[in-house]
Amino acid sequence: DAGVTQSPTHLIKTRGQHVTLRCSPISGHKSVSWYQQVLGQGPQFIFQYYEKEERGRGNFPDRFSARQFPNYSSELNVNALLLGDSALYLCASSLGGKADTQYFGPGTRLTVL
Amino acid sequence: AQSVTQPDIHITVSEGASLELRCNYSYGATPYLFWYVQSPGQGLQLLLKYFSGDTLVQGIKGFEAEFKRSQSSFNLRKPSVHWSDAAEYFCAVADLISSGSARQLTFGSGTQLTVLP
């Protein structure tokens, strides 16, 4: 079975631009979470979606948004990119219950110049 | 807010030696705890998890971890380290999202493991 997939693998943008990152969950998983991992730190929670609805949001500005599609795949959008947005963006999928285990994809490395 | 502390930023061990990585958490209720491993440029791979029951949990690749409520700890151990274990290790606690309907992961800052030949 395929694991969590993310695209693209790497991305280079300039300040002020917009970026869209994509994630496909494990088959049968209905929940997708997004995390930001800045170099040298642990991942930080950005969003969680379940059945196309946002269930939770971390402490990130409104420049960050996301959505989930009927096939449970998800997009993370970041507007007006800042240098500080440079990070590894990780997507995790889970079944959607409270006592779930989250399984991570390989991540998208975003560099903002 | 809940938190996870990994006191050791970097640990170096020789191949074949035993390993213990420390993790302390701050959480009001019974925690759901995880250990993940991350190789350079890669995503996170789940090593093991604790939800309830037996406080000694076994994971993949020969790793185990022990939940000690009295010490608020969930240390990761391996009796004999292999060179392929060199990676970064993250401890995490699953914290309830504000809606109460699901959990998010709160991670420690990680411990980088170097294995000497």
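Residue numbering restarts at 1 for every chain, and letters A, B, ... go by the order of the sequence lines.
In this structure, chain A has no heavy atom under 4.5 Å from any part of B:Gln6. Of the atoms belonging to B:Leu44, heavy atoms from both backbone and side chain fall under 4.5 Å from chain A. Heavy atoms closer than 4.5 Å to chain A are found in the backbone of B:Gln42, but not in its side chain. In this structure, chain B has no heavy atom under 4.5 Å from any part of A:Gln44. Interface residue A:Gln48: only side-chain heavy atoms are found under 4.5 Å from chain B. Residue A:Tyr50: no heavy atom, backbone or side chain, is found under 4.5 Å from chain B. For A:Thr101, the parts sitting under 4.5 Å from any heavy atom of chain B are the backbone and the side chain alike.
In terms of the side-chain hydrogen bond (donor to acceptor under 3.5 Å, both in side chains) criterion, A:Thr9 has no residue partners (sequence neighbours excluded).
For B:Lys49 and A:Asp100, the salt-bridge test fails: no basic side-chain N is under 4.0 Å from an acidic carboxylate O. Taking 4.0 Å as the cut-off between side-chain N and carboxylate O, A:Asp85 and A:Arg63 count as a salt-bridged pair.
Residue with the most contacts toward chain B among A:Ser31, A:Ala92, A:Pro106, A:Gly107: A:Pro106 (heavy-atom pairs, distance under 4.5 Å).
Evaluated for a ring-ring contact (aromatic ring centres under 6.0 Å, His included) with B:Phe63, the options B:Phe34, B:Tyr36, B:Tyr89, B:Trp35 yield exactly one hit, B:Tyr89.
Atom SG of B:Cys91 sits about 9.5 Å away from atom CZ of B:Phe107, to the nearest 0.5 Å.
No donor-acceptor distance shorter than 3.5 angstrom exists from the side chain of A:Gln102 to the backbone of A:Ser33, with no hydrogens or angles considered.
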